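Counting from 1, the numbers follow the sequence of the chain as shown. Keep in mind that what you see is a predicted model, and the values were worked out from it rather than measured.
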Amino acid sequence: QVQLVESGGGSVQTGGSLRLSCAASGRTFSSYTMGWFRQAPGKEREFVAAIGGSAGSTYYEDSVKGRITISRDIAKKTVYLLMNSLKPEDTAVYYCAFKLGWTTRWTTRRDDYDYWGQGTQVTVSS
């Protein structure tokens, strides 16, 4: 079992920044992928970014490239999502997710992730 706890959400104005954190605990795996998804009211949960592999390779959804950066601190078992130039359309509940294993064939499907956090709300006002 893997437990994920997100933090760092909040309310900001358009153009502002937030850094989300996701702390993992429980079993340790040598190969895994960690990702961030978001779900806006009335919409499906969608992929945002992921990180995996020994080199910390990253993958982003096209609409967030250049504004959002995913990173990790392996020693702290924590993944971060730095979000800059936030827009009202970024308003959503942001979820951290854990997937056993990692390959260069990135997946953005929520069903491919094995464990989820409880989510943290991000609200961007105009």
- Message: To the nearest 0.5 Å, what is the distance between NZ on K87 and OG on S126?
- Response: 14.0 Å
- Query: More than 12 foreign heavy atoms under 6.0 Å from CD of Q118: is that the case here?
  - Reply: yes
- In this structure, CD of E89 is separated from OG of S63 (nearest 0.5 Å) by 9.0 Å
- Could you walk me through whether R72 and V79 pass the side chain to side chain contact (heavy atoms under 4.5 Å, CB included) test, one step at a time? CA-CA 4 Å; R72 68 185 183 185; V79 173; 4.1 Å; yes
- Message: Show, in sequence, the C-alpha distance, side-chain angles and deciding distance for I68 and L82, and conclude whether the side chain to side chain contact (heavy atoms under 4.5 Å, CB included) test is met.
- Response: CA-CA 6 Å; I68 290 180; L82 175 61; over 6 Å; no
- Sorted by chain and number, sequence neighbours left out, ring pair (Phe, Tyr, Trp, His ring centres under 6.0 Å) with Y80 holds for none
- Message: Can you tell me how far apart CE (M83) and OG1 (T69) are? Round to the nearest 0.5 Å.
- Response: 11.0 Å
- Message: As a quick check of understanding, evaluate side chain to side chain contact (heavy atoms under 4.5 Å, CB included) for Y60 and V48, giving each step before the final call.
- Response: CA-CA 6 Å; Y60 296 92; V48 177; 6.0 Å; no
- Query: What disulfide bond (SG atoms under 2.5 Å apart) pairs are there with at least one residue in residues 74-126, not counting sequence neighbours?
  - Reply: C22-C96
- Listed by chain and number, what are the salt bridge (charged side-chain N to carboxylate O under 4.0 Å, His left out) partners of D114, not counting sequence neighbours? none
- Residue pairs fulfilling salt bridge (Lys or Arg N to Asp or Glu O under 4.0 Å) with at least one residue in residues 34-55, sequence neighbours excluded: R38-E46, R38-D90
- Task: Determine which pairs satisfy salt bridge (Lys or Arg N to Asp or Glu O under 4.0 Å) with at least one residue from residues 5-25, sequence neighbours left out, and list them in order.
- Result: none
- Message: To the closest 0.5 Å, what do you measure between OH (Y94) and CG (L20)?
- Response: 7.5 Å
- The remaining residues in the hydrophobic cluster of Y59, counting side-chain heavy-atom contacts under 4.5 Å among Ile, Leu, Val, Met, Phe, Trp and Tyr, are F37, F47, V93, Y95, W102, W106, Y113, W116
- Message: If I take atom CG from residue D112 and atom CG from residue L100, how far apart are they, to the nearest 0.5 angstrom?
- Response: 11.5 Å
- Query: Cut-off 3.5 Å, side chains only: do D73 and T78 have a donor facing an acceptor?
  - Reply: no
- Message: Can a donor-acceptor pair be found, under 3.5 Å and without considering hydrogens, that links the side chain of T14 to the backbone of S125?
- Response: yes
- Task: Check whether any side-chain heavy atom of Q1 lies under 4.5 Å from a side-chain heavy atom of Y115, and answer yes or no.
- Result: yes
- Message: Nearest 0.5 Å, please: how far is OG1 in T33 from CD1 in I51?
- Response: 10.0 Å
- Looking only at heavy atoms, which two atoms of M34 and I70 are closest? And how far apart? O-CD1, 3.9 Å
- Under 3.5 Å, is there a donor-acceptor pair between the side chain of T91 and the main chain of T123? no
- Message: Main chain of T104, side chain of S57: is a donor-acceptor contact present, judged purely on distance under 3.5 Å?
- Response: no
- Message: Quick check against the 3.5 Å criterion: does S21 have a side-chain atom that pairs as donor or acceptor with the backbone of S7?
- Response: no
